[in-house]
*Asks:* 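If you scroll down you'll find the structure; I have some questions about it.
Worth knowing before you read on, the calculation uses all heavy atoms, side chains too, and leaves out hydrogens, waters and symmetry mates. Within every chain, numbering begins at 1; the chains are lettered A, B, ... in the order of the sequence lines, protein sequences first and strands thereafter.
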Amino acid sequence: MSKETDNILTIENLKTYFQVGKVKGKTVHVRAVDGVSLSIKKGEVMGLVGESGSGKSTLAYTVMGMYPPTEGKITFKGEDISAGSSRRPLDVKKDMQIVFQDPGSSLNPHQNIKQILELPLKVHGIVKKEEMEKRVTQILRTVELSPAYMYKTPGSMGGGERQMISIARALATDPSFVILDEPTSALDVSIQAKIINMLLRLQEKNNLTYLFITHDLSLMRNIATRVAIMYLGKICEMASTHEFFETPYHPYTKMLLSSIPVVSVEEEKLRPEKVTSTGEIPSPTNIPTGCSFHLRCPNKMDLCTYDDPVMTEVTPGHYVRCHLYNKEEAGDAV
Amino acid sequence: MGNHILDIRDLYVWYRTYEGYSKVLDGVDFNVNKGEKVGLVGEAGCGKTTTMRSVLGILPEGQFHIPKGEILYHGENILKMKPQELHKIRSEGMSMIFQEPSAALNPVFTIGSQIFDVIKYSGEGNSAGSRSKNKEKIREKAIQAIREVYIPDPERILECYPNQLSGGMKQRICIAMAIVTERELLIADEPGTSLDVTIQDQVHRLLRDLVDKKGMSLVMITHSLGVAREMTDRIYVMYAGNIVEIADTKELFANPLHPYTLGLLASVPKLTGGGVTEGIYGQIPDYLNPPKGCRFYPRCDRADHSCQQEKPPLRDMGDGHYTACFKV
Amino acid sequence: MDAKIQRTEIIVPSPAARLKEGFRKNWYKFSRNKLSIAGLVIVLSIIVVAILAPYVAPYPKHAGKFVDYVNANQGPSAAHFFGTDNFGRDVLSRIIFAFRGALLMGIMVLAIAVPVGVFFGLLAGYYQGSFLDTFIMRITDIFLSVPPLLLALAIAAVLEPNLTNAMIAVTVMWWPWYTRLVYGMATSLKNEYFVTSAELVGAGRFHILFREILPNCLSPIFTKMALDVGWVILIGASLSFVGLGEQPPTPALGQMVSDGTRYMPDLWWMTVYPSLAIAVIILGFNMLGDGIRDMMSKGEHDRG
């Protein structure tokens with residue numbers, strides 16, 4: 001992975017396991033994140049795509065410190081933050097924020113918007129008490145909501161407005177890095193469009209770096225600078241957005257791309273030839289040996305059933321973890 | 001009535017709330033022909049589920065009011081039917097697949113017993129012959145249905161409880177239950193929405209192929225234009241309890257007319273890239289006091305005072321393409 | 001006709017209007033069941049009567065040390081609606097004064113038991129799995145495993161019998177119920193994303209417990225409280241029935257019933273009317289409690 005100094009966040013071989021029980025005296029782990037290395041540059045919109053159970057949210061939560069990593073290292077602006085959230089310095093918490101998927105659950109239904117937005121300001125002592133109201137008004141303006149929202153409660157607002165409040169809360173401490181965990185997947189497309197645009201405007205204005213987690217590849221096509229795709233706790237493919245969609249390598253990427261329902265003929269042409277999706281995502285407690293994708297893979301080789309491929313840089317900046325591309329003899333089997 | 005299996009005419013459904021009536025459906029016209037796959041597309045809260053729930057007579061007891069309209073099933077008004085007649089239609093004529101497969105299956109019964117029940121209630125299980133023979137037949141039928149949804153090892157699945165299956169599997173079982181007896185109309189309410197993209201794709205393909213194979217009619221309720229495009233022959237676009245546009249699927253995507261359809265299409269992120277549009281201004285209206293006239297006018301770019309005063313009727317634009325807008 | 005429609009800003013109602021709206025909605029939900037209104041009427045009348053006891057009771061003096069053997073043992077009449085007891089005291093007046101003690105009991109017990117129980121429940125729930133959780137919840141279990149009336153009897157018997165000690169006894173057996181109730185809610189609420197958000201932003205524990213979690217537990221707590229008042233009064237009456245509550249000559253409902261039993265069935269009014277009073281007060285609070293539960297519950301078509 002690139003070790004440039006302009007990386008805002010670097011994750012090295014991160015593993016997050018959860019203990020779920022014991023079978024025959026052996027502890028059973030869910031290997032939610034299983035050896036992820038990733039670096040995010042300043043000002044980037046890094047798209048992290050995966051289906052449910054791929055570990056994409058766990059990765060984000062581990063970065064935020066909600067779960068302590070089992071192994072590996074997280075570096076944020078040169079500082080090692082592999083410790084859990086409670087042991088992180090307050091200024092790291094201020095500089096890193098997260099927006100959760102479900103705006104219904106991430107806002108306390110028994111507080112009004114003013115109380116919700118005040119909390120980060122109070123905790124970090126950003127403004128004096130007298131200026132609180134002014135600042136909250138300002139924050140509401142940044143997410144394009146009228147100050148009149150201040151005394152509303154989350155319950156009386158639509159899903160889109162609630163998500164705007166979640167975003168406003170995340171930006172209240174003026175962070176430089178924001179994780180967006182499926183911020184629009186619970187919303188209608190017309191509202192999603194509005195929120196995405198706002199997020200992009202804010203990114204430009206406040207010079208933010210986003211880690212955007214989603215299951216929606218077509219959305220990533222439009223907003224991400226780079227895309228990484230996760231399957232069962234591991235990254236399968238990572239490339240700049242253009243590369244990723246023009247020349248997808250990994251069979252899983254192709255399968256995902258061809259599964260997307262599209263609305264125009266032009267898009268249909270862009271989809272790789274129909275790779276019929278088969279099989280189901282195995283349970284993360286029982287990850288297949290070898291390449292975890294081999295049970296569903298249309299290009300499966302014998303090698304895949306016992307040997308887990310490693311990440312290879314196929315073309316500059318385009319990483320793939322698949323035997324099709326890292327064995328010389330299979331090099332032309334694209 | 002031609003060959004309409006289902007014909008909804010000018011249907012109004014209101015919900016009772018403490019603030020008054022929530023006027024959700026506002027004159028819905030909708031029909032399904034034999035062997036046709038129809039899409040009902042709209043965003044959350046537009047009344048698409050309410051429409052289909054009123055067809056099946058499963059609106060929340062005592063909380064709704066139907067001031068006007070009729071739902072004709074083979075020419076007979078469902079709203080005026082006795083409970084037994086409605087029950088007969090539900091157990092023999094139509095079936096529904098819900099969005100959340102885990103909520104549609106009872107967690108304390110095995111998959112087998114739930115499928116057997118469907119067959120028994122449909123009347124097909126009560127043919128002449130000894131009881132044990134009958135039982136054998138029912139079992140055979142269930143296994144056949146599970147095979148048809150491509151689940152391996154159906155005998156084992158019959159003994160499973162729903163929590164032993166994944167979401168995609170459960171949805172397949174729901175589909176199996178919907179097709180296990182001869183039905184002519186299948187109503188699918190966002191069958192893939194709670195599933196992952198690849199699984200959703202599998203479920204949708206399965207559903208489409210089965211409906212084609214069995215010559216059933218399908219009503220596909222979805223919020224996604226992309227899904228509707230791949231699944232259906234004809235699409236109804238719904239906004240705030242009104243049907244705003246009807247067209248054949250190809251025609252709709254080639255030549256969308258209603259401002260809402262256009263806005264919705266523009267909001268969908270495209271695989272071809274090019275950024276995301278601004279979406280549609282505002283949000284769905286308050287059903288307690290919906291706007292007079294066109295319900296879309298507060299969010300519409302083209303709206304003027306005529307839209308504010310009068311509700312635009314569905315107008316034929318040729319080739320079975322209808323739209324409810326004064327400005328087209 | 002070409003003029004474009006002006007788009008209006010969202011109007012947010014003033015705080016006063018929102019308060020009014022909230023009241024209207026709650027009243028609608030409360031009043032859907034006519035029994036709730038009956039309960040409210042009963043409870044309000046009892047409270048008013050109890051507060052104004054010296055003015056509304058026909059013979060206020062009869063609530064204390066008073067003897068009038070001339071008028072003793074009289075059945076219900078125009079002068080004494082509920083008759084008089086063996087000392088010639090007006091039963092109605094004594095019931096009215098006894099309401100004071102009963103209500104005081106109900107209110108004081110909950111006023112102490114609820115905050116204590118809720119606090120421990122929050123603490124144990126938020127630190128689920130820790131030593132604190134085990135410690136608090138096992139103690140709670142111990143209290144809950146002893147039959148409540150027995151426990152109260154034991155405590156009240158050890159202490160000097162009077163109203164204060166009866167209240168202490170009932171309080172001691174009442175708080176664990178609230179700990180259990182809040183514990184259950186807190187364990188699930190602490191995993192809600194709004195709590196996580198507050199933790200991630202660096203909010204303190206006090207804030208998380210009392211500003212984020214507690215407000216979300218309030219409606220079940222209030223519902224339980226409304227239903228509990230009646231039961232506390234009943235337990236209080238039971239204690240005073242066996243002589244462990246308010247001491248004579250101050251009237252208490254249980255004590256009046258128990259005094260009256262000695263003269264049954266001849267002076268039936270001495271027992272029947274105080275018993276009815278107990279029944280009415282408990283019924284009233286329970287019907288009111290049901291109404292409050294309806295009011296607090298989220299309806300299907302509830303907006304906001």
Side-chain angles (χ1 to χ4, degrees), chain A residues 49-54 157-161 184 186-200 214-223 241-242 245-246 252 255-271 274-283 296, chain B residues 42-46 150-152 165-169 172 192-205 222-231 239 249-250 252-254 256 260 263-284 286 299:
Chain A
V49 183
E51 296 181 277
S52 58
S54 63
M157 299 164 46
E161 292 166 320
T184 57
L187 307 174
D188 282 322
V189 278
S190 66
I191 292 167
Q192 160 173 300
K194 217 180 308 178
I195 291 203
I196 293 293
N197 273 299
M198 193 188 76
L199 280 170
L200 293 179
T214 179
H215 62 269
D216 187 349
L217 267 173
S218 20
L219 182 60
M220 280 303 100
R221 175 75 175 105
N222 291 288
I223 63 171
T241 306
H242 187 75
F245 286 92
E246 294 294 322
Y252 179 57
M255 184 188 278
L256 265 184
L257 278 171
S258 69
S259 299
I260 301 173
V262 295
V263 294
S264 66
V265 187
E266 295 86 68
E267 285 179 90
E268 248 169 25
K269 283 182 194 142
L270 248 172
R271 290 198 299 195
K274 194 81 186 170
V275 179
T276 312
S277 73
T278 50
E280 302 220 344
I281 304 158
S283 150
R296 302 174 71 188
Chain B
E43 292 181 289
C46 74
Y150 300 110
I151 298 181
L165 305 177
S166 66
M169 288 276 239
R172 280 161 196 262
T193 305
S194 66
L195 307 171
D196 279 313
V197 201
T198 51
I199 313 295
Q200 172 181 328
D201 185 46
Q202 292 170 22
V203 166
H204 283 163
R205 265 186 290 131
T222 177
H223 68 276
S224 157
L225 280 166
V227 169
R229 179 172 179 271
E230 302 197 342
M231 294 286 291
Y239 175 77
T249 304
K250 276 208 185 100
L252 184 79
F253 285 94
Y260 177 66
L264 206 55
L265 263 173
S267 304
V268 179
K270 312 289 185 304
L271 257 189
T272 38
V276 182
T277 53
E278 265 301 328
I280 305 174
Y281 171 88
Q283 49 190 338
I284 231 159
D286 182 357
R299 303 178 69 182

*Asks:* Does a salt bridge link E268(A) with K270(B), judged by any charged N lying under 4.0 Å from a carboxylate O?
*Replies:*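 No.
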
*Asks:* Using a 4.5 Å cut-off on heavy atoms from C-beta on, say whether the side chain of Q202(B) contacts that of R172(B).
*Replies:*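 Yes, their side chains come closer than 4.5 Å.
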
*Asks:* Between D188(A) and A44(B) (side chain of the first, backbone of the second, donor and acceptor by atom type, cut-off under 3.5 Å), is there such a pair?
*Replies:*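 Side chain of D188(A) to backbone of A44(B), a donor-acceptor pair under 3.5 Å: yes, one is there.
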
*Asks:* Which region of M231(B), side chain (C-beta onward) or backbone (N, CA, C, O), has a non-hydrogen atom less than 4.5 Å from a non-hydrogen atom of chain A, or is it both or neither?
*Replies:*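 No part of M231(B) comes within 4.5 Å of chain A.
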
*Asks:* Counting heavy-atom pairs under 4.5 Å to chain A, which of V276(B), L265(B), I199(B), T198(B) comes out on top?
*Replies:*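 Greatest number of close heavy-atom pairs with chain A: T198(B).
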
*Asks:* Quick check against the 3.5 Å criterion: does D201(B) have a side-chain atom that pairs as donor or acceptor with the backbone of V197(B)?
*Replies:*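 Side chain of D201(B) to backbone of V197(B): no pair is present.
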
*Asks:* Pick one of side chain, backbone, both or neither for I260(A), based on which atoms fall under 4.5 Å of a heavy atom in chain B.
*Replies:*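 Both parts, heavy atoms under 4.5 Å.
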
*Asks:* Please classify the contact of L256(A) with chain B as side chain, backbone, both or neither, using a heavy-atom distance under 4.5 Å.
*Replies:*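 Both the backbone and the side chain of L256(A) come within 4.5 Å of chain B.
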
*Asks:* Do Q200(B) and T193(B) have side-chain heavy atoms sitting under 4.5 Å apart?
*Replies:*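 Side-chain contact under 4.5 Å: no.
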
*Asks:* Non-hydrogen atoms of chain B under 4.5 Å away: do they reach the side chain of L219(A), the backbone, both or neither?
*Replies:*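 Both backbone and side chain.
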
*Asks:* Is the shortest distance from a Lys or Arg side-chain nitrogen in E267(A) or R221(A) to a carboxylate oxygen in the other one below 4.0 Å?
*Replies:*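 Salt bridge: no.
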
*Asks:* When only pairs under 4.5 Å are counted, which of G53(A), S190(A), S218(A) shares the most heavy-atom pairs with chain B?
*Replies:*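 The residue among G53(A), S190(A), S218(A) with the greatest pair count is S190(A).
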
*Asks:* Between R296(A), M220(A), H215(A), which residue shows the highest count of heavy-atom pairs closer than 4.5 Å to chain B?
*Replies:*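 Result: the option with the highest number of such pairs is R296(A).
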
